[in-house]
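Accompanying notes for the structure given below.
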Amino acid sequence: MGEEISDKTIDNIFDRYINTSGLIFENREVLRHTYVPERLPHREKQYESLAAILAPTLVGESPSNVFEYGQTGTGKTAVTKAVLNILKNKCQEVNSNLKTCYLNCQIVDTTYRVFANLNESIGLQIPVTGLPTEVVYSRFVEALDALNCIFIVVLDEIDMLLRKSWDALYNLTRINSDLSKSKLSIIGITNNVKFKESLDPRVRSSLGEEEIVFSPYLAPQLKDILEDRCDIGFKPEVVDPSAIHIAAAFAAQEHGDARRALDLIRVAGEVAERNGITIVTDEQVRQARQIIERNTVAEVITTLPIQTKVVLTSIFEQISNHKSHNTTTGELYELYSDISKELMIDQLTQRRISDLINELEMLGIINCRVVSKGRYGRTKEISLSVPLREIKEVLSNDYRISEIIDRKRK
DNA sequence: AATCCACTGGAAAATACGGGCC
DNA sequence: GGCCCGTATTTTCCAGTGGATT
């Protein structure tokens, strides 16, 4: 690291990829799940329903609110975006004034930010923080009304919004009574089937005027999707049918997740590219699966905040030094305290560590189980769900932590 | 059956921070 | 500069608990 590389070398370094890459991908973007294709195989029904529901927009009437259910990778977002795109074009043709805004509530997850983003979508800048939420709301209402249009908000992962602030939803469903010239409709998207039951009854009836269900794709359907995309995404004859077959099968196991299927085939293509092969078969897909798995773990761990990393390090040390394959909150906290002192970082309370442990579990890096040891109390048994070696490898990339790990070895 | 450990996990309060407004 | 209004993170407090041991 830190060595000087001449421009010459850098020039050459990509050459071999230019040679092969041209032979594999036609258009890599098509193979990403963020790409919105014009045609979505096996989603014709949902496509039609959504179009029918939104059609009133064309004559200047506000459509009903819509609710979309379905697991990840079942095409909810893609169908919605595709339909909205077409609708926008059509609206222009017939001079109907339509504005849309897409929000992912996993990121935009507070009332304030929802309205700040909505403001932004109609060209009003709002500071990240500083204003009373009410002001942000009323500014939006005012600005929207002045536009004299139909406004469709897409709330993706809408259940995340509810967790922190249900009043954002409540306000949105009632906003039409504050508008005189414009109208607002909501498209809510979620993969949580129980979500609707947890809603406030008033919001529920308003939001659930129309419902569209997205069922998981079956293996043959995934195959169709992949074939479609591979046709445009790859050069002809590059993808062997066996690759598509197995990618579809893998993804079908994961609740019919088309996103996963696409990732698999794209990464398989990259594997072939790197190996200088010009054909993608089931072998590359198998490798791709491992790569994806490892990458997500590594990615998750490296982007962890330092405190959480230290907690993970403590678990790692606890398990690799001790012969047992699990540890408990109390033991872990003692070791954590030592390490945090040594690294001169804030020492958090056990309560907080308990939360961090839960976060790690949610990320799938560790397994937790609340067990009662009778007289000796009740605690959480913690074990790793990723191979020790992989954890060590990734943790060592953090210089602060690698010192700890190395020292313990001596 | 009663006890009691070593926590869990909810709730609220404290703290830090960023930024508008006057 | 002081105040207000937000978000985010952490601490403080504490009621609750599964089940081996007494």
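Treat the numbers as computed from the prediction; the structure is a model and nothing was measured. Quick note on labels: first sequence line is chain A, next is B, and so on, each numbered from 1.
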Just by distance, with hydrogens left out, do [X] and [Y] show a side-chain donor and acceptor under 3.5 Å apart?
{"X": "A:E317", "Y": "A:Y336", "result": "no"}
{"X": "A:E359", "Y": "A:T308", "result": "no"}
{"X": "A:K380", "Y": "A:N358", "result": "yes"}

Sugar-phosphate, base or nothing in reach of A:E381, heavy atoms under 4.0 Å: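 Touches nothing.
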Sugar-phosphate, base or nothing in reach of A:R139, heavy atoms under 4.0 Å: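 Result for A:R139 = sugar-phosphate.
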In whole angstrom, what separates [X]'s [atom1] from [N]'s [atom2]?
{"X": "A:R352", "N": "C:dA8", "atom1": "CZ", "atom2": "P", "answer": "13 Å"}
{"X": "A:L332", "N": "B:dT8", "atom1": "CG", "atom2": "P", "answer": "10 Å"}
{"X": "A:N119", "N": "B:dG20", "atom1": "CG", "atom2": "P", "answer": "15 Å"}
{"X": "A:D355", "N": "B:dG10", "atom1": "CG", "atom2": "P", "answer": "9 Å"}
{"X": "A:I345", "N": "C:dT10", "atom1": "CD1", "atom2": "P", "answer": "10 Å"}
{"X": "A:E134", "N": "C:dC4", "atom1": "CD", "atom2": "C1'", "answer": "14 Å"}
{"X": "A:Y112", "N": "B:dG19", "atom1": "OH", "atom2": "P", "answer": "11 Å"}
{"X": "A:L356", "N": "C:dT10", "atom1": "CG", "atom2": "P", "answer": "7 Å"}

Please enumerate all protein N or O atoms sitting under 3.5 Å from an N or O of nucleotides 11-18 of chain B, with distances to 0.1 Å.
unit_1, atom_1, unit_2, atom_2, d
B:dG18, N2, A:T129, OG1, 2.6

A:F234/A:F25 aromatic ring centres below 6.0 Å: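 Yes, the ring of A:F234 comes within the 6.0 Å limit of the ring of A:F25, centre to centre.
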Cation-aromatic face contact A:R43/A:Y217, 6.0 Å, 45 degrees: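 Verdict for A:Y217: a cation-pi partner in A:R43.
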Donor-acceptor contact present, side-chain A:S354 to main-chain A:Q350, <3.5 Å: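 Not confirmed, A:S354 side chain does not pair with A:Q350 backbone.
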A:R113 vs C:dA8: side-chain N/O to OP1/OP2 distance below 4.0 Å: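 A:R113 to C:dA8 OP1/OP2: side-chain N or O found under 4.0 Å.
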N or O in side chain of A:T349 less than 4.0 angstrom from C:dT10 OP1/OP2: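 For A:T349, the contact criterion (side-chain N or O under 4.0 Å from OP1 or OP2 of C:dT10) is not met.
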Sub-4.5 Å side-chain heavy-atom contact between A:R229 and A:I265: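 Not in contact.
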Test log, rule side-chain contact (heavy atoms from CB on, under 4.5 Å), inputs A:E393 and A:R294: CA-CA 11 Å; A:E393 203 178 298; A:R294 244 205 310 270; 5.8 Å; no
Protein and nucleotides 5-7 of chain B: nitrogen or oxygen contacts under 3.5 angstrom:
unit_1, atom_1, unit_2, atom_2, d
B:dC5, O4', A:R375, O, 2.8
B:dC5, O2, A:G374, O, 2.9
B:dC5, O2, A:G377, N, 2.9
B:dA6, N3, A:R378, N, 3.2
B:dC7, O5', A:G330, N, 3.3
B:dC7, O4', A:R378, O, 3.2

A:C101 and A:N117: CA distance, side-chain angles, deciding distance, side-chain contact (heavy atoms from CB on, under 4.5 Å) verdict: CA-CA 9 Å; A:C101 179; A:N117 271 274; 5.5 Å; no
